[in-house]
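Everything on this sheet refers to the single structure shown next.
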Amino acid sequence: MAEKKLVEAITSMSEDFAQWYTDVVKKAELIDYSNVKGCMVIKPAGYAIWENIQKRLDERFKATGVENVYMPMFIPESLLQKEKDHVEGFAPEVAWVTHGGLNPLQERMCVRPTSETLFCDFYKGDIHSYRDLPKVYNQWCSVVRWEKETRPFLRSREFLWQEGHTAHATAEEAEERTEQMLNVYADFCEEVLAIPVVKGRKTEKEKFAGAHATYSIEALMHDGKALQSGTSHNFGDGFAKAFGIQFTDKDNQLKYVHQTSWGVSTRIIGAIIMVHGDDSGLVLPPEIAPTQVMIIPIQQKKEGVLDKAYELRDKLGNFRVKVDDSDKSPGWKFSEQEMRGIPLRVEIGPKDIEAGKCVICRRDTREKIEVELSQLEKAVEEQLKKMQTEMLERAKKHLEEHTYTALNKEEFVKTFAEKSGFVKAMWCGETACEEAIKEDMAVTSRCIPFKQECLSETCVYCGKPAKKMVYWGKAY
RNA sequence: CGGCGUGUGGCUCAGCUUGGUAGAGCGCUACGUUCGGGACGUAGAGGCCGCAGGUUCGAAUCCUGUCACGCCGACCA
């Protein structure tokens, strides 16, 4: 695809990827910076994407029996401290509320960085019998983590997400749910967002504070950096024991529940931008695009042009379609549509009307096609479908082409020095070795993929006997 | 938390070295001509120069302090 730079205001990706990202986020009007450091205003164009993500994910959740609830946003300090690893993991980045109005609180409360403790506290009182299980709750909310370095969507001090929290009678059922939700995320990413992901398990070092096991989906951005795009945790009965969540089972024995939690955040919007975007701006997969088709009238003041544009809009009622009837020039509108990543553009002017045709143009390839007006609906449907499919294919190709293998330390170091992407390599399974790799190469383990391969018998870094194949990478 | 950088109309910035009536481009408003890849003309509106002290006859400019934001690291969804 020819990457002709059409919009001056957007820095090209190859020149400065970080600046490109910021430019796109701003020019596509997804967000604005706010007066609170690290907190962003999500503007209509950005929020509409999130609403679609919510809608499409929520329907997939519900299909697996999930019910939505809402928990308080404050967590008393004593509650946060109940699970040791958990509090150690989150304490450095929580925001504290110390006053109610003018009076100091008896006990300070943090603004939830995540809600495990609240769900546990609730489940303790709500679960008594095996008949009360499983609990498969989810909430859509915002959480606060006092990050030091922030970036729009990728890392902000307050962000929107969903967090599912479940309680089960058996360890097997909890494990099943953990994997089920990871698959829901992975399928959603591929089918709706056109983002291929690597599914796997996190190492001990990278797993969630308090979890027995953490699974994640890892996506590869255009610059070769990895982005953890969704996580699913199996808590075993660790939290249950810390919080005393017990039930009487069928065999009249008192048992602890087994829990899971899983989440996807607005960070995924960052993934959409960095996987699909180009030098002209955002490129949205048709499935998730708030506006799928923008109709741009040419010479709109000429009689009949706008009427025709509105007529086409009504005819395309099955799609999310808009007419840009502002009095900007057509060229302006083209650029605007491209920066915003609207998948399809329909150009309609006097010449077209006379010929009974119009021009449609795909955002990703910029391919222009002349279409008979009578065939427009069909053509739009076809092009949107095709675009969705090809976007996934392109992203898959990028992922494959930027996934390397390394058999020994020399190759490992060399690959990361010369390339950017995932490197598959064997690992001994020791945290000390993983830490040394990070220290030495600024590379972290992304996951231990479910699809294991045996590349060699020894650890790529320390040479000890290898236990697992791991995806390594530089991460956001 | 360390390193770097920036605060001047809505936006991007010039002016600061060497103190002397606040500037440009874009955007905005009105009217007209335009319209197939960011059109043009004419007229207009809009700024106690981040904040607080200080030096000076006089501070956007010099000094001190402070706040905020951005980028790069370490830490994290």
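Labels below follow one simple rule: chain letters A, B, ... track the order of the sequence lines, proteins then strands, and each chain is numbered from 1.
Aromatic ring centres of A:F119 and A:F239 lie farther apart than the 6.0 Å criterion allows. Remark: aromatic rings of A:W140 and A:W50 are close, center separation under 6.0 Å. Aromatic ring centres of A:F208 and A:F235 lie closer together than 6.0 Å. Taking the six-membered ring for Trp and the full ring otherwise, the centers of A:W427 and A:F412 sit at least 6.0 Å from each other.
Across the protein-nucleic acid pair, A:D352 atom CG and B:rC35 atom C1' stand 13 Å apart, rounded to whole Å. At whole-Å resolution of the value, CG in A:D23 and P in B:rC11 are 16 Å apart. Rounded to whole Å, atom P of B:rG37 lies 14 Å from atom CD of A:Q337. The CD1 atom of A:I31 sits 12 Å away from the C1' atom of B:rC69 (whole-angstrom rounding). A:Y215 has its OH atom 17 Å from the P atom of B:rA77, to the nearest Å. Atoms CD1 (A:I298) and P (B:rU34) sit 17 Å apart, rounded to a whole Å. Atom CH2 in A:W50 sits roughly 11 Å away from atom C1' in B:rA77 (whole-Å rounding). Whole-Å rounding puts the A:R446 CZ to B:rA77 C1' distance at 11 Å.
Applying the 6.0 Å contact sphere to CD of A:E418 captures more than 12 heavy atoms from other residues, nucleotides or ligands. Other residues, nucleotides and ligands contribute only 12 or fewer heavy atoms inside 6.0 Å of the NZ atom of A:K468.
Heavy atoms of A:K302 sit nowhere under 4.0 angstrom from any nucleic acid atom. At the heavy-atom level, A:S265 lies under 4.0 Å from base atoms of the strands shown. Residue-level contact check: A:S156 touches the bases, meaning some heavy atom is under 4.0 Å from a base atom. Backbone-only contact: A:E93 has heavy atoms under 4.0 Å from sugar-phosphate atoms and none from a base. A:G263 comes within 4.0 angstrom of no nucleic acid atom, judged by non-hydrogen atoms across all strands. Among the protein residues, A:E336 comes within range of the nucleic acid bases, having at least one heavy atom under 4.0 Å from a base atom. Base engagement by A:F159 is indicated by at least one non-hydrogen atom pair under 4.0 Å involving a base atom. Contact annotation for A:V264: no contact, since no heavy-atom pair falls under 4.0 Å across all strands. Residue-level contact check: A:L154 touches the bases, meaning some heavy atom is under 4.0 Å from a base atom. Among the protein residues, A:E347 comes within range of the nucleic acid bases, having at least one heavy atom under 4.0 Å from a base atom. Contacts of A:K333 with the nucleic acid, taken as non-hydrogen atoms under 4.0 Å apart, are absent.
Side-chain to base pairing of A:R345 with B:rG37: one donor and one acceptor N or O lie within less than 3.5 Å of each other. Contact of A:Q299 with B:rG36 (side chain to base): no donor-acceptor pair of N or O atoms is detected under 3.5 Å. The base of B:rG73 does not come close enough to the side chain of A:K148 for any donor and acceptor atom to sit less than 3.5 Å apart.
Using C1' as the reference atom, B:rG70 and B:rA77 are 22 Å apart when rounded to the nearest Å. B:rA45 and B:rG23: their P atoms are spaced 14 Å apart (whole Å). Separating the P atom of B:rA22 from that of B:rG47 is a span of 14 Å, rounded to the nearest Å. Nucleotides B:rU8 and B:rA68 have their C1' atoms positioned 16 Å apart, rounded to a whole Å. Distance check on atom C1': B:rC62 versus B:rC16 gives 10 Å, rounded to whole Å. Comparing the P positions of B:rG7 and B:rC63 gives a spacing of 15 Å, expressed to the nearest Å. Distance check on atom P: B:rG20 versus B:rA60 gives 9 Å, rounded to whole Å. B:rG25 and B:rC35 have their P atoms separated by 26 Å, with the value rounded to a whole Å.
With the 3.5 Å cutoff on both pairing distances, Watson-Crick and G-U pairs in RNA chain B assemble into runs of at least 3 at B:1-7 with B:67-73, B:10-13 with B:23-26, B:28-33 with B:39-44, B:50-54 with B:62-66.
For the ring-ring contact (aromatic ring centres under 6.0 Å, His included) criterion with A:W262, the lone passing option out of A:W161, A:F61, A:Y215 is A:F61.
Within the 4.0 Å cut-off from OP1 or OP2 of B:rC76, at least one side-chain nitrogen or oxygen of A:K438 is found. The side chain of A:K27 contributes no N or O atom lying less than 4.0 Å from OP1 or OP2 of B:rC11.
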Expected rows: protein N/O vs nucleotides 39-47 of chain B N/O, under 3.5 Å:
residue, atom, partner, partner atom, Å
B:rA39, OP1, A:S329, OG, 2.9
B:rA39, OP2, A:S329, OG, 2.8

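In this structure, A:E311 pairs ionically with A:K308, as a charged nitrogen and a carboxylate oxygen lie closer than 4.0 Å. Between A:K328 and A:E336 there is no salt bridge, since no side-chain nitrogen of the basic residue lies less than 4.0 Å from a carboxylate oxygen of the acidic one. Ion pairing between A:K205 and A:E434 fails under the 4.0 Å rule for side-chain N and carboxylate O.
The listed nucleotides are B:rC71, B:rC35, B:rC75; the one nearest the side chain of A:K301 is B:rC35. Here the side chain of A:A18 is nearest to one of B:rG70, B:rC72, B:rG37, namely B:rC72.
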Anything under 3.5 Å between a donor and an acceptor, one on a side chain of residues 193-200 of chain A, the other on a protein residue two or more places apart or in another chain? List them.
residue, atom, partner, partner atom, Å
A:K199, NZ, A:N183, OD1, 2.8

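Nearest-nucleotide assignment on RNA chain B puts the 5′-proximal partner with A:K328, out of A:K328 and A:E147. Closest-nucleotide positions on RNA chain B for A:G38 and A:A442 were compared, and the one nearer the 5' end corresponds to A:G38.
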Quiz item: Hey, mind stepping through A:K43 and A:I31 against side-chain contact (heavy atoms from CB on, under 4.5 Å) and telling me if it holds?
Solution: CA-CA 5 Å; A:K43 296 173 54 163; A:I31 67 121; 5.5 Å; no

Practice problem: Please report the C-alpha distance between A:T166 and A:Q259 in whole Å, then the side-chain angles of each, then the deciding distance to 0.1 Å, and finally whether the side-chain hydrogen bond (donor to acceptor under 3.5 Å, both in side chains) criterion is met. | Solution: CA-CA 5 Å; A:T166 69; A:Q259 290 169 277; over 6 Å; no

